[in-house]
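It should be emphasised that the depicted structure is a prediction, and the values quoted were computed from it without experimental measurement. Here is how names work: the chains are called A, B, and so on, in the same order as the sequence lines, proteins then strands, and each is numbered from 1.
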Amino acid sequence: MLKKVLVANRGEIAVRIIRACREVGIPTVAVYSDVDHSSLHVQLANEAYSLGPPPPLESYLNIDKIIDIAKMSGADAIHPGYGFLAENYHFTKRCEDEGLIFVGATSEAIRLLGNKLESRETMIRAGIPVIPGMETAVRDTAALVQQASRIGYPVLIKAASGGGGKGMRAVSSQAELERALEGARRESKSAFGDDTVYVEKFIERPRHVEFQILADHSGNTVHLFERECSIQRRHQKIVEETPCTALDDQLRRKMGEVAIEVARVAHYTNAGTVEFLLDQDGDFYFLEVNTRVQVEHPITEMTTGIDIVKLQLALASGDPIPVKQQDIVPRGHSIEARIYAEDAENDFMPSFGTILFLQEPAGPGIRNDTGIYAGCDVTMHYDPILAKLIVWDENREMARSRMLTALRDYTILGIKTTIAFLRDVIAHPEFAAGNTHTDFIPEHFAQWREAGDEPANLDVALLSAAIYRHLNPPRAAGRAAASGPAFPNPWNATGEWEIGQGKGAD
Amino acid sequence: MLKKVLVANRGEIAVRIIRACREVGIPTVAVYSDVDHSSLHVQLANEAYSLGPPPPLESYLNIDKIIDIAKMSGADAIHPGYGFLAENYHFTKRCEDEGLIFVGATSEAIRLLGNKLESRETMIRAGIPVIPGMETAVRDTAALVQQASRIGYPVLIKAASGGGGKGMRAVSSQAELERALEGARRESKSAFGDDTVYVEKFIERPRHVEFQILADHSGNTVHLFERECSIQRRHQKIVEETPCTALDDQLRRKMGEVAIEVARVAHYTNAGTVEFLLDQDGDFYFLEVNTRVQVEHPITEMTTGIDIVKLQLALASGDPIPVKQQDIVPRGHSIEARIYAEDAENDFMPSFGTILFLQEPAGPGIRNDTGIYAGCDVTMHYDPILAKLIVWDENREMARSRMLTALRDYTILGIKTTIAFLRDVIAHPEFAAGNTHTDFIPEHFAQWREAGDEPANLDVALLSAAIYRHLNPPRAAGRAAASGPAFPNPWNATGEWEIGQGKGAD
Amino acid sequence: MELNLTFNNEEYRLGVERAEDGYEVTVGDRIYQVSVRPISSNTFSLVIHGANRLIHIASAGRATYVAVDGRQFCFQEATPGGRKHGTRDLPIDRRELTAIAPMPGRVVKLNVTEGDRVERGHTLAVVEAMKMENEVRAPIDGYVDRVLVREDDMVNVGQVMIELKSGED
Amino acid sequence: MELNLTFNNEEYRLGVERAEDGYEVTVGDRIYQVSVRPISSNTFSLVIHGANRLIHIASAGRATYVAVDGRQFCFQEATPGGRKHGTRDLPIDRRELTAIAPMPGRVVKLNVTEGDRVERGHTLAVVEAMKMENEVRAPIDGYVDRVLVREDDMVNVGQVMIELKSGED
């Protein structure tokens with residue numbers, strides 16, 4: 001078993017990993033940038049150390065600092081979560097060189113699979129079906145333009161080091177290509193420190209179907225079945241579910257076998273996800289492998305009963321996979337909805353501020369993986385995911401109904417969130433019918449506005465606000481009124497509160 | 001499907017039932033006594049009606065009033081929860097006569113099984129093993145004393161209409177019997193409106209093992225496997241788990257078959273629980289049938305994936321059982337810990353007051369069925385259950401570890417609760433070893449005191465309190481200081497707050 | 001008490017008076033008799049025409065957030081002098097001549113300087129927050145009149161970043 | 001600031017002073033340098049000797065509730081004249097002569113009147129709350145001196161219900 005794990009991440013995934021460690025009795029080390037000093041992951045860990053200023057390159061992407069803290073605190077392992085350094089093979093290599101256990105794949109597997117073009121080539125050689133596209137990356141814009149013409153529009157620009165939709169752009173004509181390339185490169189550079197991009201054929205209205213795989217150091221590999229993640233905005237998943245309504249047993253078996261073959265070809269270890277596009281004819285193409293725990297891993301945990309993060313910890317310490325493929329039997333249906341701090345009425349612009357009030361849904365079959373609490377600040381520095389709401393029920397329709405009820409019970413006041421938008425997505429007749437594809441959001445929700453449900457609700461809200469204001473007039477002067485919000489807090493109320501010097505006042 | 005369900009209960013079970021109804025799209029009607037006007041179940045229901053003053057006989061046991069509200073609100077069904085009117089066959093009969101669907105068994109089945117002596121006789125005739133004891137109830141104390149002598153001490157006094165340990169007393173000698181009888185009768189009268197008691201042989205250090213059954217109106221009956229509920233204080237369960245460590249496949253199958261036979265003999269419909277005592281030799285005895293949803297039903301839901309409350313609603317509306325016995329395959333291990341408002345250091349005396357702060361545990365495999373919220377009042381009028389913490393994990397040891405972490409994360413400030421006690425129970429080596437029996441608490445926790453874990457914790461708590469007091473000096477005068485607590489509340493702060501007249505100020 | 005609340009650019013006039021059994025609230029020309037049952041600091045039950053509505057509410061500065069039935073409303077209290085500096089306060093024809101920040105964040109790129117000729121749709125600047133970039137484009141053909149921000153500046157949503165002159169000037 | 005807090009019948013003397021980097025707190029004769037990082041109204045992180053401790057805290061009247069590491073402490077602020085009327089304030093020998101309420105609740109039965117002879121263990125009264133009955137028994141052999149409650153009265157935990165005289169009187 002691992003002795004002490006440093007969690008090189010923040011937000012809900014850091015909380016998730018720390019919880020898993022606590023349950024199996026492994027002490028944890030949290031790291032945080034100055035703006036995150038009061039975050040949930042810092043509260044839960046056994047130890048917590050500052051990484052310094054908020055910009056990612058200075059904090060959560062700061063390899064030297066993270067390695068130093070791991071050694072100083074006596075951690076023998078590092079869990080990278082997702083994002084940040086999770087798929088950075090330099091970081092993994094550094095861990096390997098420093099004698100730290102990296103909870104994930106080897107640096108060589110991450111390097112190979114992180115290079116989308118090299119892994120593409122490798123998979124083609126192994127007979128894995130891939131999307132037609134560029135065979136080599138070129139930095140030269142003219143060459144990219146030429147390749148795009150060869151493949152034929154529409155094409156998709158993708159970051160060579162990418163993942164999670166960052167740096168990805170769909171382009172339907174040459175006229176759009178240059179500007180899209182510029183943005184994709186800048187985003188890719190900012191997110192992954194590498195601005196290499198490439199283009200491939202854009203498949204229309206595909207489903208995004210991925211398989212969770214687990215592999216141990218003895219070459220045993222199993223899959224935990226599929227997740228469908230077609231509901232996306234800006235190429236980022238917002239709703240995921242398992243099982244996928246488009247797979248029959250035969251296709252499911254075949255895709256699962258291909259997923260395991262992909263892992264085998266890449267000498268993959270630990271948990272990973274093999275992503276496929278499934279086109280309207282039922283043909284599927286290998287897309288990429290996400291070499292880390294996936295944001296949407298909980299839905300697989302709900303249906304298979306296997307705790308992927310705990311298994312990651314066990315596999316990292318050298319344990320074999322404890323189950324055989326035939327013993328993994330999914331049960332029921334699970335859906336995840338990602339709650340983002342975004343304004344869905346305004347092109348999903350990020351929203352930040354203080355969470356003034358928080359009420360999370362509860363009840364049977366409801367799981368909420370969260371990184372927030374009432375009173376916390378949502379800052380502009382990081383990915384705007386706040387929480388993931390996951391439901392399980394006996395079948396898809398019951399799960400959908402449970403999700404709608406849970407979203408209705410989810411109240412976050414003080415910032416804009418995607419909660420109301422997600423309700424409307426999951427209530428949509430085409431979603432209910434299982435007719436999902438990656439253009440679902442632009443197709444059905446292009447000009448979405450939040451409905452009040454009943455017109456009378458606006459009056460109820462207005463008169464509630466009026467009474468509340470009547471009872472709680474805003475303070476005429478003073479710091480709280482001047483600087484805006486401030487969660488009602490006895491620490492402020494005394495007027496004499498100051499936090500310790502040099503402790504990262506933000 | 002039912003059209004509208006009145007939930008004739010309060011607290012966590014009312015919340016649980018209302019949530020199930022909301023998810024399947026059935027509107028709900030809550031009822032509440034005056035002290036419960038702001039309760040969670042009232043907040044969640046579509047409609048809510050006052051039952052009047054807090055004493056149970058005037059509110060939650062007031063059959064006429066509840067029937068009137070059902071008719072007035074247009075409810076076509078009543079779910080009784082557990083406790084209160086759940087096993088009162090007069091109430092069930094009244095529902096039947098008034099054309100209201102009672103979500104539960106028929107009045108005849110409830111009458112038969114509610115009469116512990118008559119059901120005993122019925123079961124003996126059907127060849128079901130029962131505990132040696134009285135064959136008929138007698139009101140005369142002298143006769144009871146004589147019967148006790150015949151059976152041989154130790155004996156157990158039980159309420160003929162009882163359940164949940166109310167009115168139950170273990171008596172080891174004739175000297176104790178009379179006083180015990182008096183108390184048992186008074187408690188029984190207060191809880192069930194009937195002071196008839198009887199005595200049976202007291203089996204030493206047994207396990208309490210019960211089987212969940214489900215039966216439809218066509219006579220199909222299945223069981224959802226067992227729950228072990230041996231961890232009890234004052235004859236009331238506080239920790240339950242499934243599967244039971246003492247059953248092997250053969251014994252489990254046999255007990256399951258007997259449970260179904262019990263249901264069949266009683267012409268049972270809807271959800272019920274067949275309780276057995278399992279002695280140290282592996283012999284089991286029929287104890288009674290709880291003719292209602294059980295407090296600990298969630299652990300069965302966690303392992304079988306079947307939502308018992310939703311099935312109750314379906315069965316009540318005439319649907320058949322949707323699964324076959326052989327398709328019900330439990331997975332993993334689940335434990336429930338009941339959080340009571342009690343002082344475990346002081347003989348589990350009830351504790352009440354305002355919940356000043358509440359933080360509930362969260363994470364994968366954690367379910368919290370609750371009836372409380374920060375700011376709510378816990379009053380002296382009803383059963384002191386606050387919430388049920390339920391965990392699931394792949395095996396018992398993982399579930400136990402998850403429960404310990406979750407209990408550590410469960411913070412309720414303002415009243416005494418059993419949380420710390422439950423942590424010590426579940427951490428106990430004998431519990432870890434699965435050596436549970438109904439005397440577990442008196443045997444291992446007779447003089448329990450909360451440990452500070454580390455002595456330094458007391459100093460940390462003291463200096464935290466000192467700093468908090470320094471920043472928040474108690475108000476010198478005014479209502480809040482005089483009457484004690486008051487949750488920090490803008491409605492009070494203005495000094496002009498008054499709730500509407502006649503709205504049940506408490 | 002009287003107050004004006006703004007929602008989705010509409011202004012609502014409200015009046016609150018204590019009444020025998022709670023409050024009389026006017027919303028525009030509609031009058032409601034309501035009573036309020038406090039649940040906790042940010043939650044109350046609103047009894048309106050005999051029906052209960054569960055309300056979650058919080059305020060910060062001049063903003064009040066209300067959740068009714070799972071839908072969230074954000075109201076701004078309108079007071080003279082307390083207005084935010086943003087396009088919402090600008091007359092429509094002035095908006096045409098400004099480029100505003102589409103979200104709060106950091107200016108990561110500034111493509112123009114004063115006097116530059118720009119075409120409608122031209123990317124004037126790029127704002128980044130939470131790892132997402134947004135382009136600020138020219139709303140009209142024209143010239144850059146004033147640049148009010150610098151690279152690396154923090155901007156608020158709706159803040160005027162660049163003022164333009166129309167081509168005819 | 002100085003204050004006295006009572007926990008499990010022990011009284012602790014505390015002193016709080018602002019220090020450069022937070023507070024200096026004395027607990028009895030132990031001195032701690034701590035700083036505090038607020039998280040939300042009832043939660044803060046206490047930095048003590050470089051280590052972080054997560055604290056949940058709330059107070060009501062003179063009671064302060066603190067959760068450290070999942071363990072709950074309830075402290076009573078001790079002030080002259082603010083004492084609760086209960087046996088905890090009585091000298092030990094006086095406790096022997098009183099029957100106190102074991103829990104808050106309602107007196108559902110009163111078995112004795114003044115002057116009655118009682119034996120140690122005899123049930124003097126029954127208190128009920130939350131559907132649970134508790135018997136109040138005589139702590140000594142003796143006589144009932146004064147009955148301070150009536151049936152149906154509400155009593156608080158620790159409240160003296162009946163005063164006894166020892167047998168020798």
Handout entry: Min side-chain heavy-atom separation F44(D)-S464(B) under 4.5 Å
Key = yes
Practice task
Evaluate whether atom CZ of R186(B) has more than 12 neighbouring non-hydrogen atoms of other residues, nucleotides or ligands under 6.0 angstrom away.
Solution key: yes
Practice task
Would you check if R18(D) and H470(B) make a side-chain contact, meaning some heavy-atom pair closer than 4.5 Å?
Solution key: yes
Exercise for the section: Please determine, among S351(B), G414(B), G353(B), A466(B), the option with the most heavy-atom pairs under 4.5 Å with chain D. Expected result: G414(B)
Fill in the blank from the handout: The reported gap from NZ in K416(B) to OH in Y65(D) (rounded to nearest 0.5 angstrom) is 8.0 Å
Handout entry: More than 12 heavy atoms from other groups under 6.0 Å of CD on E114(D)
Key = yes
Practice task
Check A58(D) against F357(B) and note the closest heavy-atom contact, atom names and distance.
Solution key: CB-CB, 4.3 Å
Exercise for the section: Can you tell which part of R106(D) gets under 4.5 Å to a heavy atom of chain B, answering side chain, backbone, both or neither? Expected result: both
Problem - Selection from V460(B), D459(B), V378(B), L407(B) maximising heavy-atom pairs under 4.5 Å formed with chain D - result: D459(B)
Exercise for the section: Heavy atoms only, distances under 4.5 angstrom: which of V16(D), V25(D), L5(D) has the most pairs with chain B? Name it, please. Expected result: V16(D)
Handout entry: Under 4.5 Å from any heavy atom of chain D - which part of F348(B)
Key = backbone
Exercise for the section: State the CG-CD1 distance between L463(B) and I55(D), to the nearest 0.5 angstrom. Expected result: 7.5 Å
Problem - Closest approach of A465(B) to T64(D) (non-hydrogen atoms, all atoms of both residues) - result: CB-CG2, 3.9 Å
Practice task
State, with a plain yes or no, whether a side-chain heavy atom of Y23(D) is found less than 4.5 Å away from one of L471(B).
Solution key: yes
Problem - M349(B) side chain near N134(D) side chain, heavy-atom distance below 4.5 Å - result: yes
Handout entry: Short side-chain to backbone donor-acceptor contact, R469(B) and M1(D), under 3.5 Å
Key = no
Fill in the blank from the handout: Cut-off 4.5 Å, heavy atoms of chain B, and the answer for T26(D) is neither
Problem - Electrostatic pair R179(B):E135(D) at N-O distance under 4.0 angstrom - result: yes
Completion exercise
Honestly, the part of E2(D) sitting under 4.5 Å from a heavy atom of chain B is neither
Exercise for the section: Please round to the nearest 0.5 Å and tell me the distance separating atom CD of Q72(D) and atom OG1 of T411(B). Expected result: 8.0 Å
Exercise for the section: Check the pair R408(B), R71(D) against side chain to side chain contact (heavy atoms under 4.5 Å, CB included), reporting the backbone distance first and the verdict last. Expected result: CA-CA 8 Å; R408(B) 181 167 163 172; R71(D) 299 286 177 184; over 6 Å; no
Fill in the blank from the handout: If one checks every heavy atom of V66(D) against chain B at 4.5 Å, the contacting part turns out to be both
Practice task
Enter the distance from E345(B):CD to N8(D):CG here, rounded to the nearest 0.5 Å.
Solution key: 6.0 Å
Handout entry: Any N457(B) side-chain heavy atom under 4.5 Å of R53(D) side chain
Key = yes
Problem - Residue I419(B) versus chain D: region with a heavy atom under 4.5 Å - result: neither
Handout entry: Student check: side-chain heavy atoms of Y468(B) and N42(D) closer than 4.5 Å
Key = yes
Problem - Other residues, nucleotides, ligands: >12 heavy atoms within 6.0 Å of R150(D) CZ - result: no
Problem - Exercise: identify the closest heavy-atom pair between L462(B) and V27(D) - result: CD1-CG1, 3.8 Å
Handout entry: Atom group of I415(B) that falls short of 4.5 Å from chain D, counting heavy atoms
Key = backbone
Practice task
Could you check if a side-chain atom of Y12(D) sits within less than 4.5 angstrom of a side-chain atom of L458(B), using non-hydrogen atoms only?
Solution key: yes
Handout entry: Inter-residue atom distance E128(D).CD - E187(B).CD, 0.5 Å rounding
Key = 8.0 Å
Exercise for the section: Kindly give the heavy-atom pair with the smallest separation between D69(D) and R423(B), and that separation in Å. Expected result: O-NH1, 3.4 Å
Problem - Residues, nucleotides or ligands: over 12 heavy atoms within 6.0 Å of E151(D) CD - result: yes
